[in-house]
Amino acid sequence: MTIRSIDTFLDSPIGLLVLLLIFIGIEIPLYVFLRRKRSPYTGQILVLVSLAYLSLVFLLLSFAFPVKGQVSAGVTPRLWIAGILLCTLYLAVRIKTGKEKPDPSLPGSQLRMVFLYILLSVGFLGIIDLLGFFLASFLFLLIGMRLLSYTRPIGLLAFSLGWIAFLYVVFYSLLSVPLPEGILISL
Amino acid sequence: MELITHLLEGFGHIAGIAPFLAIVVGVVAGIFVGAMPGLSPSMGVAILLPFTFKMPPLIGLVLLTAVYLASNYGGSITAVTINTPGTPSAVATAFDGYPLTLQGKAGWGLGVSLVASTVGGMVGIIILILFSQPLAAIAVKMHPAEYFALALFGLSTVASLAGRDWAKAFTSALLGLLINTIGIDPISGVKRYTFGETNLFDGFDFIPALIGLFALSEVFSKIEEGSWKIRLSGELSKKEQWPTWKDYWKLKWATLQASVVGTLIGIFPGAGSAIASFVAYDLGKRTSKHPETFGKGNPEGVAAAEAANSASVGGAMVPLLTLGIPGSASTAVLIGALMIHDLAPGPLLFTERPDLVYGLFASMFVANGVMFLLGFWGSRLWIKVTKVPLNVLIPLIISIASVGSFAVKNSLFDVGACFGFGVVGWALKRYGYPMAPIVLGMVLGKLMEVNFRRAVIMGGYGVFFYRPASLILLLISMAAFIYPLVQLRKQEHSK
């Protein structure tokens with residue numbers, strides 16, 4: 001098995017999935033380990049490891065690029081990768097020696113709400129094809145405002161409907177942006 | 001003298017209701033296109049192009065040029081009010097414009113951006129009229145080695161944007177450059193890091209990335225802070241502050257300096273208004289008496305970025321009119337408009353159709369004036385956006401971000417990419433990695449890579465040092481990289 005054949009496998013949808021699973025397999029145990037050790041740099045270390053992992057994967061994949069002429073397609077990515085690795089190394093040394101500032105501590109941090117919102121955004125993206133852009137947006141706006149403690153029912157409806165009307169007139173009618181109509185409406 | 005006569009005649013050609021209406025419509029459309037994330041200036045010019053088929057050539061060109069000119073200003077409106085730059089060139093405007101909004105001074109951000117845009121636009125046109133032909137001749141003689149060195153100089157702004165966290169800023173910039181290598185290699189046609197996904201063949205589109213990194217990352221940060229029950233610019237009862245003419249006057253040198261820099265950078269084909277605004281912002285910070293307040297709501301930063309990106313329009317018109325070379329996507333569409341009317345851009349255009357060329361120059365002056373008046377009135381409306389409670393504004397921003405990302409290529413993949421960049425941007429920002437260098441890396445990536453490789457193919461690796469212009473630019477870039485770091489060291493030492 002040559003590096004090229006590994007690269008060819010990795011540079012495919014299944015390869016991407018494998019790379020993602022390896023990434024999760026590294027990050028989660030590392031997170032648990034750092035939390036147990038009560039490291040003040042947990043977040044920063046996770047970011048550095050992510051950057052180093054990304055760089056190494058891209059470096060590995062660059063060896064599969066065909067070499068044509070004096071400067072092949074892999075030269076510049078390798079140059080940037082070398083830079084990222086040097087910077088992460090430098091930052092890792094600063095963390096090790098305690099020169100780097102610890103992770104920020106946000107009193108009253110609403111991390112749970114951020115993840116809820118990310119999930120809501122992913123859900124919105126997922127139902128656009130099914131419900132169409134306008135209906136999906138309407139639901140997203142209603143739930144999104146409600147999640148952030150906006151409770152006035154008239155306001156909820158007025159903002160959502162008004163915004164959808166604005167998007168329809170400007171983007172769909174005037175600028176002819178073919179916003180997805182959704183499978184349900186097409187049926 | 002001949003120049004002044006031609007210009008006066010040009011004003012005569014556009015004195016009428018039809019040209020004036022074309023300017024007003026163009027400016028309104030341009031401001032709107034610029035302010036809407038996802039709608040680019042080139043898209044705005046392209047959308048209106050079919051309407052100009054039956055118009056007289058001068059009126060058609062006046063309309064399209066007004067769209068191009070005003071869209072550069074329009075991008076700053078959402079950059080200042082909701083940290084969502086409508087155009088890539090407005091990214092640098094957001095650095096200080098948005099902090100001003102957070103301090104309850106959105107009026108300052110909007111006012112300064114409008115005045116600086118108008119002044120920058122005027123300076124750009126004056127330089128275009130006076131020096132277009134000799135400047136264009138220099139620009140086309142640039143070797144790829146010099147283009148690479150110019151892009152590297154653009155990247156040197158990272159050093160001054162970074163402050164103490166320079167290693168994180170460099171990492172961000174390199175990440176932007178690396179992201180830019182995704183897709184089909186522009187020189188050899190090799191697919192790089194596409195993972196068999198056809199949507200990645202052209203790489204990540206810049207606009208969704210920009211919206212995600214700036215708007216969505218900020219939205220997620222606001223949610224995390226739990227500050228969604230307040231308004232961006234404080235309490236409603238607070239009277240909005242606008243700068244006085246005296247305040248604008250204090251920014252004259254920052255504005256003029258950025259205008260000249262913006263015009264000069266705009267002349268180089270491919271460099272574009274985004275690079276112009278970054279370089280001018282950096283220069284503004286270096287020459288300011290208060291560089292430490294840049295990025296925290298210094299009006300000088302807004303003035304520098306806005307003046308440069310508006311001035312770059314005049315610069316981009318130089319190679320277009322004198323040589324027929326489009327310096328940007330928008331000017332490429334403008335070339336199309338000229339050709340539709342059987343006009344060949346180039347040196348002959350000045351001798352064969354001076355009425356058209358100087359009429360266009362005159363119309364640009366008028367368009368700047370109209371932009372100022374409409375912007376002055378419109379800012380009072382736009383500022384109301386900052387009064388909307390965040391728990392309403394946040395879902396609306398996410399919604400407009402998704403429409404904007406979709407509109408670029410009518411692709412849901414881009415909407416997903418925008419959300420992805422938003423989450424990554426939020427995570428990186430949380431640990432001190434700035435967003436601007438990532439964007440800068442993405443802006444400069446292609447220009448750097450293509451010219452680096454072309455230069456090496458043409459003259460080997462030593463070519464960057466053999467050519468005097470390239471060597472000088474490289475030395476300046478090196479100094480620009482090192483100087484802020486040395487300054488920082490000195491400051492830390494003295495403390």
Side-chain angles (χ1 to χ4, degrees), chain A residues 11-13 15-16 43-44 47 51 55 58 61-62 65-66 68-73 75-77 80-81 83-84 87-88 90-91 94 101 103-104 106 108-111 113-114 117-118 121-122 124-125 128-129 133 137 140-141 144-145 148-150 155 159 163 167 171 175 177-180, chain B residues 32 36 39 47 167-168 170-171 174-175 177-178 181 185 187-188 190-197 216 219-221 223-226 228-229 389-392 394-396 398-400 402-403 406-407 410 412 415-416 419 422-423 426-428 430-433 441 448-449 452-453 456-457 460:
Chain A
D11 201 5
S12 64
L16 181 62
Q44 292 187 69
V47 169
L51 288 170
S55 304
F58 271 42
L61 292 174
S62 76
F65 301 155
K68 288 179 193 169
Q70 204 172 355
V71 269
S72 72
V75 170
T76 17
W80 311 144
I81 288 166
I84 294 176
C87 285
T88 48
Y90 172 79
L91 287 165
R94 278 181 67 89
K101 274 183 284 179
D103 289 353
L106 289 171
S109 167
Q110 303 279 342
L111 212 53
M113 185 60 88
V114 178
Y117 237 85
I118 291 172
S121 304
V122 172
F124 164 58
L125 193 61
I128 289 179
D129 258 343
F133 183 82
S137 294
F140 170 78
L141 291 174
M145 281 190 261
L148 298 179
S149 320
Y150 188 85
F159 277 120
W163 185 250
L167 293 182
F171 284 90
L175 297 171
V177 176
L179 292 164
Chain B
F32 180 77
M36 285 290 140
L39 300 183
I47 287 170
K168 288 180 178 171
F170 278 120
T171 311
L174 288 161
L175 190 63
L177 289 166
L178 188 61
T181 62
D185 171 28
I187 291 191
S188 66
V190 170
K191 282 180 217 143
R192 297 188 295 195
Y193 315 122
T194 55
F195 299 98
E197 172 61 54
L216 295 191
V219 157
F220 294 139
S221 298
I223 295 174
E224 188 183 3
E225 286 165 21
W228 60 70
K229 284 183 184 171
L390 269 176
N391 51 5
V392 173
I394 284 173
L396 297 185
I398 297 178
S399 170
I400 192 77
S402 56
V403 181
F406 182 84
N410 301 332
L412 278 177
V415 184
F419 285 142
V423 175
W426 163 70
L428 287 175
R430 205 167 184 266
Y431 299 110
Y433 292 83
M448 280 184 88
E449 179 175 10
F452 172 76
R453 287 167 65 188
V456 174
I457 290 165

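Any value given below was found using the heavy atoms of this structure, including those in side chains, with hydrogens, waters and symmetry copies removed. Predicted model only: the values in this text are computed from it and were never measured. Numbers restart at 1 for each chain; the letters A, B, ... are given by sequence-line order, proteins then strands.
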**Student:** Just verifying a value: how many Å separate A:Trp80 CH2 and B:Leu177 CG, rounded to the nearest 0.5 Å?
**Tutor:** 5.0 Å
**Student:** Quick check on A:Leu179 against chain B: is it the side chain, the backbone, both or neither that has a heavy atom closer than 4.5 Å?
**Tutor:** both
**Student:** Report the residues that fulfil ring-ring contact (aromatic ring centres under 6.0 Å, His included) with B:Phe195, sequence neighbours left out, ordered by chain and then residue number.
**Tutor:** none
**Student:** Nearest 0.5 Å, please: how far is CD1 in A:Ile128 from OG in A:Ser137?
**Tutor:** 6.0 Å
**Student:** Side chain, backbone, both or neither: which part of B:Phe419 has an atom under 4.5 Å from a heavy atom of chain A?
**Tutor:** side chain
**Student:** Would you say the ring centroid of B:Tyr193 lies under 6.0 angstrom from that of A:Phe58?
**Tutor:** yes
**Student:** Using a 4.5 angstrom heavy-atom cutoff, name the option from B:Leu412, B:Val423, B:Val219 with the most pairs to chain A.
**Tutor:** B:Leu412
**Student:** Heavy-atom pairs under 4.5 Å with chain A - which of B:Arg192, B:Lys191, B:Glu449, B:Lys168 has more of them than the others?
**Tutor:** B:Arg192
**Student:** Looking at A:Leu61, A:Leu91, A:Thr88, which makes the most heavy-atom pairs under 4.5 Å with chain B?
**Tutor:** A:Leu91
**Student:** Checking heavy atoms, do the side chain of B:Val190, its backbone, both or neither come under 4.5 Å from chain A?
**Tutor:** side chain
**Student:** Please determine, among A:Phe159, A:Phe133, A:Trp163, A:Phe124, the option with the most heavy-atom pairs under 4.5 Å with chain B.
**Tutor:** A:Trp163
**Student:** Working to the nearest 0.5 angstrom, can you tell me the gap between B:Phe170 CZ and A:Tyr90 OH?
**Tutor:** 11.0 Å
**Student:** Where does A:Leu167 contact chain B at under 4.5 Å (heavy atoms): side chain, backbone, both or neither?
**Tutor:** side chain
**Student:** Is B:Glu225 paired with B:Arg430 through a side-chain N to carboxylate O contact shorter than 4.0 Å?
**Tutor:** no
**Student:** For chain B, which candidate among A:Ser62, A:Ser121, A:Gly83 shows the most heavy-atom pairs at distances under 4.5 Å?
**Tutor:** A:Ser121
**Student:** Looking at CE of A:Met113 and OG of A:Ser149, how far apart are the two atoms once the value is rounded to the nearest 0.5 Å?
**Tutor:** 6.0 Å
**Student:** Check each atom of A:Val47 against the heavy atoms of chain B and say whether the ones under 4.5 Å are side chain, backbone, both or neither.
**Tutor:** side chain
**Student:** Would you please name every residue forming a ring-ring contact (aromatic ring centres under 6.0 Å, His included) with B:Tyr431, sequence neighbours left out?
**Tutor:** none
**Student:** Which answer fits A:Tyr150, side chain, backbone, both or neither, if we ask what part of it has an atom under 4.5 Å from a heavy atom of chain B?
**Tutor:** both
**Student:** Counting heavy-atom pairs closer than 4.5 Å to chain A, which one of B:Thr171, B:Leu178, B:Asp185, B:Leu428 comes out on top?
**Tutor:** B:Leu178
**Student:** Is there a donor-acceptor contact under 3.5 Å from the side chain of B:Asn391 to the main chain of A:Met145?
**Tutor:** no
**Student:** In terms of heavy-atom proximity below 4.5 Å to chain B, should A:Ser72 be classed as side chain, backbone, both, or neither?
**Tutor:** backbone
**Student:** What option among A:Gly144, A:Gly155, A:Ser55, A:Pro13 has the most heavy-atom pairs under 4.5 Å with chain B?
**Tutor:** A:Pro13
**Student:** Using non-hydrogen atoms and a 4.5 Å limit, figure out which bit of A:Val122 sits close to chain B: side chain, backbone, both or neither.
**Tutor:** neither
**Student:** So for B:Ile187, is it side chain, backbone, both, or neither that comes closer than 4.5 Å to the heavy atoms of chain A?
**Tutor:** neither
**Student:** Identify which part of B:Glu197 has an atom lying under 4.5 Å from any heavy atom of chain A, answering side chain, backbone, both or neither.
**Tutor:** neither
**Student:** Do the side chains of A:Val177 and B:Val403 get nearer than 4.5 Å, heavy atoms only?
**Tutor:** no
**Student:** At a heavy-atom separation under 4.5 Å, does B:Leu175 approach chain A through its side chain, its backbone, both, or neither?
**Tutor:** both
**Student:** Does A:Gln44 reach the main-chain N or O of A:Lys101 with its side chain, forming a donor-acceptor pair under 3.5 Å?
**Tutor:** yes
